[in-house]
Amino acid sequence: MTNVERFNPHVADARWQKIWEERSSFVADDNSTKPRAYVLEMFPYPSGRIHIGHVRNYTMGDVLARYKRMTGHEVLHPMGWDAFGMPAENAAMEKKVHPGGWTRDNIANMKAQLKRLGFAIDWTRELATCEPEYYGHEQALFLKLYAAGLVYRKESAVNWDPVDMTVLANEQVIDGKGWRSGAPVERRKLSQWFLKITDFAEELLAGLGSLDQWPDKVRLMQENWIGKSQGLKCRFRFPGGNDGIDVFTTRPDTMFGASFVAIAADHPVAQKLATNAPELQAFIEECRKGGTTAADIETAEKLGFNTGLTVEHPLDPSWHLPVYVANFVLMDYGTGAVFGCPAHDQRDLDFARKYHLPVTRVVADGDLTDSNFEGNIAYTNPGVIVNSHWMNGMTVDQAKADVIAKAEQEGWGQGQTQYRLRDWGVSRQRYWGTPIPIIHCQACGAVPVPNDQLPVKLPEDVSFDIPGNPLDRHPTWSKVDCPKCHQEARRETDTLDTFVDSSWYFIRFASQPHDKPFDRAAAEKWLPVDQYIGGVEHAILHLLYARFWTRALSHIGMIDVKEPFASLFTQGMVTHQTYQDANGTWLSPEQVRREGDIWTIIDSGAPAVAGRIEKMSKSKKNVVDPDDIVDQYGADAVRWFMLSDSPPERDLEWSEAGIEGCWRFVQRLWRLTSQVSNAEGVDKALDRKTHQIIAGVGTDIEALAFNKAVAKIYDLANAIEKAAPSASRDTAIRTIVTLSAPMVPHLAEEAWTQLGAASGGGLIADAPWPAVNPQLLVEDEVTIAIQVRGKLRDTLTVAKGLPQTEVEALALASQKVQHAIDGADIRKIIVVPDRLVNIVL
RNA sequence: GCGGAUGUGGCGGAAUGGUAGACGCUACAGACUUAAAAUCUGUUGUCCUUUUGGGCGUGCGGGUUCGAGUCCCGCCAUCCGCACCA
């Protein structure tokens with residue numbers, strides 16, 4: 001093939017990208033009458049450079065978007081920037097740059113990087129959450145939710161870093177110390193804004209049932225996060241009084257097994273007692289100090305403090321139980337108090353053994369019905385109720401219902417549904433976020449900023465040379481008059497959690513008027529997102545918040561969409577081999593050389609160790625920069641690599657050999673396009689292959705099984721190369737270019753022109769997906785497997801639809817089969833039409 | 001601890017209960033070339049025979065079935081998520 005020039009991506013990529021842009025090829029038409037497809041990948045945080053995970057994510061979405069265009073859809077495939085957040089403030093502190101400038105520079109760089117990959121994106125809808133045109137509308141939505149009673153303010157405990165003077169997220173507290181300052185973190189009470197996501201707990205849970213295009217894993221994670229449980233809330237009264245301690249339990253059936261009541265350190269009763277009990281005060285302090293890491297919790301001893309108080313058992317007021325303050329009871333779940341039934345709860349048992357409390361069996365463990373419970377492993381399986389007066393003999397479920405009914409009838413408790421989900425605290429004491437549009441007035445309280453004063457813009461003149469929230473110490477920004485009474489007042493200086501920004505961007509993509517967040521009718525035309533693609537790390541927070549926000553907007557009548565993402569796909573990571581030297585210092589792959597199974601450091605000749613294949617990370621020096629590989633191989637080879645081999649939900653290992661292979665295939669495809677012969681004649685076998693593969697690739701792309709689609713295209717390429725020139729072969733060549741167009745669009749455009757298919761200057765991006773001739777999908781000859789006792793002995797190629805008796809006869813005529821039967825009696829013969837014959841001896 | 005996923009050649013992975021290993025990578029051999037690159041043609045699960053064939057093979061042990069990588073039961077390993085949630 002010396003006479004054919006190579007495909008040169010360094011020229012072709014940019015040329016086609018320019019043409020797509022000039023022709024607005026990928027701008028979505030709101031008024032189109034075609035069926036719609038909204039394809040969305042999770043928008044990136046503008047950290048500065050795109051990484052290979054972005055490339056994989058956006059390539060997948062791009063293939064789907066381009067395929068949908070080719071199959072006659074009006075496609076919305078937008079891109080934007082999740083542009084608020086802490087890294088910009090950290091950069092401001094470290095590099096003395098303004099967060100806005102830093103962020104906008106990063107966006108410009110990353111946009112240029114994305115453009116080099118030739119994604120079919122409607123850039124006219126680009127948005128960045130840090131721009132007032134976006135966050136101003138977010139403020140308006142926030143105030144709508146506020147007006148609807150879905151936003152409130154309450155005192156809440158936060159992690160406070162006393163050096164940086166800021167609130168830290170739980171993830172930023174490491175071993176009880178601030179991740180940046182290293183100072184011990186304090187628990188502080190601050191007034192914080194909350195969104196009432198718990199109002200939607202049941203809806204969000206029930207809604208998961210309708211999301212049948214979501215991974216089960218993600219639905220399950222959300223289900224667990226919402227954490228619905230049902231049980232009894234009841235009061236254990238102080239003797240003789242009406243006051244008492246409210247307790248929530250999912251096991252009311254075990255109430256006769258109770259031996260103590262335990263309350264959280266932060267429980268009001270404990271707090272009150274502690275005011276004149278220094279020992280209890282000290283114990284409470286001790287509880288608060290306890291670590292919150294997984295290891296801490298697992299090894300933490302169950303500790304309690306006997307308050308000396310007793311309470312009456314609701315089912316027998318003469319029976320008094322001691323009240324402990326215990327370190328394993330959480331204030332923010334249920335009522336912050338539990339009754340302990342040691343025989344049937346492991347924590348309670350640990351606690352009871354330590355403090356020598358009674359352990360009474362009330363659920364039979366098989367034949368074990370003795371009220372005295374032995375051992376240190378609680379029995380939590382189903383069983384029959386014993387040692388429980390009138391409940392004896394009931395099942396656990398019967399007893400639960402019975403106790404709840406009794407409690408409700410007698411008025412000391414009621415059945416209750418409890419959720420683990422808490423309201424969403426959205427206050428952040430930071431600069432680089434959406435200002436919360438509220439004004440605090442001494443006289444009027446919290447007053448919403450009037451709509452005509454939105455957006456509340458961030459001030460530009462801020463300093464980051466001292467810790468704390470720059471908005472808080474800005475000399476003038478927070479000083480405003482109350483919109484109601486016009487007295488001096490103060491702006492809220494907290495900003496919104498960035499998860500709020502990402503909770504509605506997909507609506508703004510669908511409709512972006514200047515004067516309101518979105519136009520209802522326009523947004524509803526596109527929504528819900530038909531296919532959402534992103535990392536599984538967002539399985540809970542982002543996806544739950546976005547679902548909540550959409551439901552909240554629906555609740556207040558702003559949009560009639562319940563679930564924002566009809567179909568969700570979570571893609572795997574891109575991994576790469578790691579290397580270390582003898583001292584454990586990480587080495588980049590370019591620093592090492594392989595000789596057989598021995599790895600050496602190129603510079604020094606010292607031995608290197610090939611480590612685990614891990615997610616690309618700077619610290620492990622195994623990153624590959626997308627720009628570098630696009631420089632080297634062009635966009636199409638990189639895109640092809642991202643789609644090949646690994647199923648998209650699994651991790652993909654980057655490899656030099658792999659990308660080389662992709663480069664070779666791009667060239668091979670290019671060479672094929674020069675082989676159009678204008679020969680005549682039909683090659684029926686190739687026609688069949690072509691049409692089978694058209695059908696298969698389409699099915700695979702719709703299922704996001706890109707690795708399988710890629711394999712089928714290879715298969716067709718192999719078949720074309722082996723075929724003799726014919727009209728069929730020329731058609732197959734045109735077809736393979738079309739089929740691969742969503743994956744390698746630059747090459748496909750180039751080839752399309754070369755093939756003369758682009759008469760009139762048409763683009764393959766606008767070309768229709770090839771039609772399948774169903775007749776060609778049906779083989780007229782089939783290969784039938786012949787088994788003897790389930791083992792393959794021979795294969796026969798026969799006409800499709802050959803009658804069973806004839807197939808049987810042919811099978812038995814086979815020498816190999818006769819040899820395998822070896823004269824034995826044939827008990828029966830199973831015939832699966834057109835597939836196989838199994839001779840049973 | 002709870003929940004979930006995964007386990008197939010040297011590697012990534014294919015396979016509506018019906019011919020296991022498609023397709024790619026690697027490796028090896030050959031062709032072309034002065035040579036290299038590129039390209040092309042083979043071979044590439046394993047063992048025995050080395051031609052015909054045949055045995056064994058989808059983490060392990062059972063089961064259902066004419067037939068199991070696939071379905072059921074019990075283990076093991078790895079990975080992920082959640083976690084003192086009453």
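Each chain gets a letter, A, B and so on, in the order its sequence line appears, and its residues count up from 1.
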S.K.: State whether the distance check finds a donor on one side and an acceptor on the other, under 3.5 Å, for side chain A/K302 versus base B/C84.
M.R.: yes
S.K.: When rounded to the nearest Å, what value does the distance between C1' atoms of B/G17 and B/C23 take?
M.R.: 24 Å
S.K.: Can you check the distance between B/C80 and B/G53, where both ends of the measurement are the C1' atom (answer in whole Å)?
M.R.: 48 Å
S.K.: Rounded to the nearest angstrom, tell me the gap between atom NZ in A/K828 and atom C1' in B/G67.
M.R.: 11 Å
S.K.: Take the protein atom CZ of A/F328 and the nucleotide atom C1' of B/C84, then report the distance between them rounded to whole Å.
M.R.: 8 Å
S.K.: Taking B/G61 as the reference, what is the distance to B/G3 when you measure between their C1' atoms (whole Å, please)?
M.R.: 25 Å
S.K.: Would you call the rings of A/W640 and A/Y714 parallel, tilted or perpendicular if under 30° counts as parallel and over 60° as perpendicular?
M.R.: perpendicular
S.K.: Begin from the C-alpha positions of A/W663 and A/F641 and carry the test ring-ring contact (aromatic ring centres under 6.0 Å, His included) through to its verdict.
M.R.: CA-CA 9 Å; A/W663 163 257; A/F641 184 92; over 10 Å; no
S.K.: In the structure shown, which nucleotide is the Watson-Crick or G-U wobble counterpart of B/U39, with both distances under 3.5 Å?
M.R.: B/A31
S.K.: Considering only side-chain heavy atoms of A/P647, which listed nucleotide, B/G13, B/C82, B/U19, is closest?
M.R.: B/G13
S.K.: Between B/A86, B/G13, B/C66, spot the one nearest the side chain of A/S646, thanks.
M.R.: B/G13
S.K.: Mind checking A/T335 for me? I need base, sugar-phosphate or nothing, with any heavy atom below 4.0 Å counting as a touch.
M.R.: nothing
S.K.: Would you classify A/T795 as touching base, sugar-phosphate or nothing, given that sugar-phosphate means primed atoms plus P, OP1 and OP2, and contacts are heavy atoms under 4.0 Å?
M.R.: base
S.K.: Let me spell it out: for each of A/K217 and A/V837, pick the nucleotide of RNA chain B with the closest heavy atom. Which residue's pick is nearer the 5' end?
M.R.: A/K217
S.K.: According to the Watson-Crick and G-U wobble definitions, with both distances under 3.5 Å, which nucleotide is paired to B/U58?
M.R.: none
S.K.: Please state how far atom CD in A/E649 lies from atom P in B/G4, giving the value in whole angstrom units.
M.R.: 19 Å
S.K.: Between atom CG in A/N224 and atom C1' in B/C80, what is the gap in whole Å?
M.R.: 13 Å
S.K.: Any chance the rings of A/F305 and A/Y324 have centres within less than 6.0 Å?
M.R.: no
S.K.: Which whole-number value in Å describes the distance from A/R347 CZ to B/A83 P?
M.R.: 15 Å
S.K.: Reckon A/V338 touches a base, only the sugar-phosphate, or nothing at all at heavy-atom distances under 4.0 Å?
M.R.: base
S.K.: Looking only at atom C1', what distance separates B/C85 and B/C79, rounded to whole Å?
M.R.: 26 Å
S.K.: What contact category does A/E653 fall into here, base, sugar-phosphate, or nothing, at under 4.0 angstrom with non-hydrogen atoms?
M.R.: nothing
S.K.: Cation-pi check for A/W670 against A/R6: NZ or CZ below 6.0 Å from the six-membered ring centre and within 45 degrees of the axis, yes or no?
M.R.: no
S.K.: Measure from CG on A/D651 to P on B/G7 and round the result to the nearest Å.
M.R.: 14 Å
S.K.: For B/G81 versus B/G67, give the span between their P atoms, rounded off to a whole number of Å.
M.R.: 43 Å
S.K.: Does a side-chain N or O of A/R664 approach OP1 or OP2 of B/U26 to a distance below 4.0 Å, or not?
M.R.: yes
S.K.: Do the rings of A/H542 and A/F499 sit parallel, tilted or perpendicular, given the 30° and 60° boundaries?
M.R.: parallel
S.K.: Nearest to the side chain of A/D715 - B/A83, B/C23, B/G81?
M.R.: B/C23
S.K.: Using a heavy-atom cut-off of under 4.0 Å over every strand shown, decide if A/R827 touches base, sugar-phosphate, or nothing.
M.R.: nothing
S.K.: In the strands shown, is B/U50 matched to any nucleotide by a Watson-Crick or G-U wobble pair with both distances under 3.5 Å, and which?
M.R.: none
S.K.: What contact category does A/V536 fall into here, base, sugar-phosphate, or nothing, at under 4.0 angstrom with non-hydrogen atoms?
M.R.: nothing
S.K.: Would you kindly give the CD-to-C1' distance between A/Q787 and B/A68, to the nearest whole Å?
M.R.: 11 Å
S.K.: Students often get this wrong, so: under 4.0 angstrom with heavy atoms, is A/D216 touching a base, only sugar-phosphate, or nothing?
M.R.: nothing
S.K.: Report which part of the nucleic acid A/Y714 touches: base, sugar-phosphate, or nothing (heavy-atom distance under 4.0 Å, all strands).
M.R.: sugar-phosphate
S.K.: Say we look at B/C32 and B/A22: how far apart would their C1' atoms be, to the nearest angstrom?
M.R.: 30 Å
S.K.: Hey, does A/R793 reach any base, or is it just sugar-phosphate, or nothing, if we go heavy atoms under 4.0 Å?
M.R.: sugar-phosphate
S.K.: OP1 or OP2 of B/C56 versus the side-chain N and O atoms of A/K791: is any pair under 4.0 Å?
M.R.: yes
S.K.: Would you mind classifying the nucleic acid contact of A/N838 as base, sugar-phosphate or nothing, using non-hydrogen atoms under 4.0 angstrom?
M.R.: base
S.K.: Regarding A/R650, tell me which of base, sugar-phosphate or nothing describes its non-hydrogen contacts under 4.0 Å with the strands shown.
M.R.: sugar-phosphate
S.K.: Within less than 4.0 Å of OP1 or OP2 of B/U52, is there a side-chain N or O belonging to A/K816?
M.R.: no
S.K.: When syn is taken as a glycosidic angle within 90 degrees of 0, is B/G30 syn or anti?
M.R.: anti
S.K.: Could you check which nucleotide pairs with B/U64 in any of the strands shown, counting Watson-Crick or G-U wobble with both distances under 3.5 Å?
M.R.: none
S.K.: Quickly work out the A/K712 NZ to B/A22 C1' distance and round it to whole Å.
M.R.: 9 Å
S.K.: Taking the P atom in each of B/C73 and B/U64, what is the distance between them to the nearest angstrom?
M.R.: 15 Å
S.K.: Evaluate the criterion ring-ring contact (aromatic ring centres under 6.0 Å, His included) for residue pair A/Y355 and A/F260; output intermediate values, then yes/no.
M.R.: CA-CA 10 Å; A/Y355 294 100; A/F260 62 94; 8.8 Å; no
S.K.: So which nucleotide does B/G12 pair with, by the Watson-Crick or G-U wobble rule with both distances under 3.5 Å?
M.R.: B/C23
S.K.: Report yes or no: is there a donor-acceptor pair, N or O only, under 3.5 Å between the side chain of A/R835 and the base of B/U16?
M.R.: yes
S.K.: If you look only at pairs with a residue in residues 655-670 of chain A, which of them pass as a salt bridge (Lys or Arg N to Asp or Glu O under 4.0 Å), with sequence neighbours excluded?
M.R.: A/R668-A/E721
S.K.: Among B/A86, B/G53, B/G24, which is the nearest nucleotide to the side chain of A/Y333?
M.R.: B/A86
S.K.: Can you tell me how far P in B/U70 sits from the matching atom in B/G59, rounded to whole Å?
M.R.: 8 Å
S.K.: Base, sugar-phosphate, or nothing: which does A/N707 touch, judged by heavy atoms less than 4.0 Å apart?
M.R.: sugar-phosphate
S.K.: In this structure, are over 12 heavy atoms from other groups packed under 6.0 Å from A/K217 atom NZ?
M.R.: no
S.K.: Let me spell it out: for each of A/E721 and A/A711, pick the nucleotide of RNA chain B with the closest heavy atom. Which residue's pick is nearer the 5' end?
M.R.: A/A711
S.K.: Compare every heavy atom of A/V782 with every heavy atom of A/A799, then report the nearest pair and how far apart it is.
M.R.: O-CG2, 4.4 Å
S.K.: Under 30°, 30 to 60°, or over 60°: which ring-plane class applies to A/Y379 and A/H344, parallel, tilted or perpendicular?
M.R.: perpendicular
S.K.: Over all strands shown, is A/L330 touching base, sugar-phosphate only, or nothing at heavy-atom distances under 4.0 angstrom?
M.R.: base
S.K.: For B/A38 and A/R671 - does any side-chain N or O of the residue sit under 4.0 Å from the phosphate oxygens OP1/OP2?
M.R.: no
